[in-house]
Amino acid sequence: QMPVLTGEKATRALRAGGFEGVIVGMTGDPKGCSERNDFEAAGLSFCYDKDTPGIQRVAQVLGFFALDEELEEEPGAGSSSSPP
């Protein structure tokens with residue numbers, strides 16, 4: 001749990017403020033529970049479990065966006081909009 005603002009509230013605040021970028025959420029809540037459903041519905045781009053596969057997936061997604069940003073900086077380089 002985040003100490004001041006829950007992930008759901010933080011995500012809603014970002015989206016309400018006009019943020020249109022990627023928001024990656026991590027949760028220990030199981031799929032199908034109301035807290036997780038609310039978190040995902042708040043405007044997350046991706047939601048992963050706080051387990052080893054989830055952490056590995058977040059690392060892949062962040063790596064994809066870092067690589068995508070590097071490619072955009074190269075002259076004539078294309079960009080794709082979804083992670084692997």
Side-chain angles (χ1 to χ4, degrees):
Q1 295 285 337
M2 296 184 0
V4 177
L5 202 62
T6 66
E8 175 191 349
K9 288 179 182 176
T11 301
R12 289 189 189 284
L14 285 166
R15 295 298 187 207
F19 183 75
E20 295 179 0
V22 174
I23 300 176
V24 178
M26 293 195 77
T27 182
D29 294 325
K31 290 180 178 160
C33 81
S34 62
E35 290 86 1
R36 184 182 182 128
N37 291 342
D38 292 344
F39 187 29
E40 291 180 5
L44 292 179
S45 305
F46 305 96
C47 186
Y48 297 107
D49 295 322
K50 287 183 183 176
D51 58 9
T52 300
I55 292 168
Q56 290 170 340
R57 187 67 177 131
V58 167
Q60 289 175 332
V61 169
L62 295 177
F64 169 81
F65 284 106
L67 176 61
D68 192 49
E69 188 171 298
E70 288 175 17
L71 289 175
E72 286 180 359
E73 293 174 3
E74 294 179 15
S79 173
S80 60
S81 60
S82 61

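The minimum heavy-atom distance linking Gly7 with Phe39 is given by the pair C-CE1, 3.3 Å.
Inter-residue side-chain proximity for Pro30 and Arg36 is flagged as unmet; no heavy-atom pair is nearer than 4.5 Å. Within the 4.5 Å cutoff, the side chain of Val61 has heavy atoms near those of the Tyr48 side chain.
Arg12 meets the salt bridge (Lys or Arg N to Asp or Glu O under 4.0 Å) test with Glu8; sequence neighbours excluded. Every side-chain contact (heavy atoms from CB on, under 4.5 Å) that Asp51 has, sequence neighbours left out, goes to Asp49, Pro53. Under the side-chain contact (heavy atoms from CB on, under 4.5 Å) criterion, Leu5 pairs with Lys9, Ala10, sequence neighbours left out.
The distance from atom OG of Ser45 to atom CZ of Phe65, rounded to the nearest 0.5 Å, is 7.0 Å.
No chain of hydrophobic side-chain contacts below 4.5 Å, direct or via other Ile, Leu, Val, Met, Phe, Trp or Tyr residues, connects Leu44 to Phe46.
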Contacts table for residues 19-27: side-chain donor-acceptor under 3.5 angstrom, sequence neighbours left out:
residue	atom	partner	partner atom	Å
Thr27	OG1	Asp29	N	2.9
Thr27	OG1	Asp29	OD2	3.3

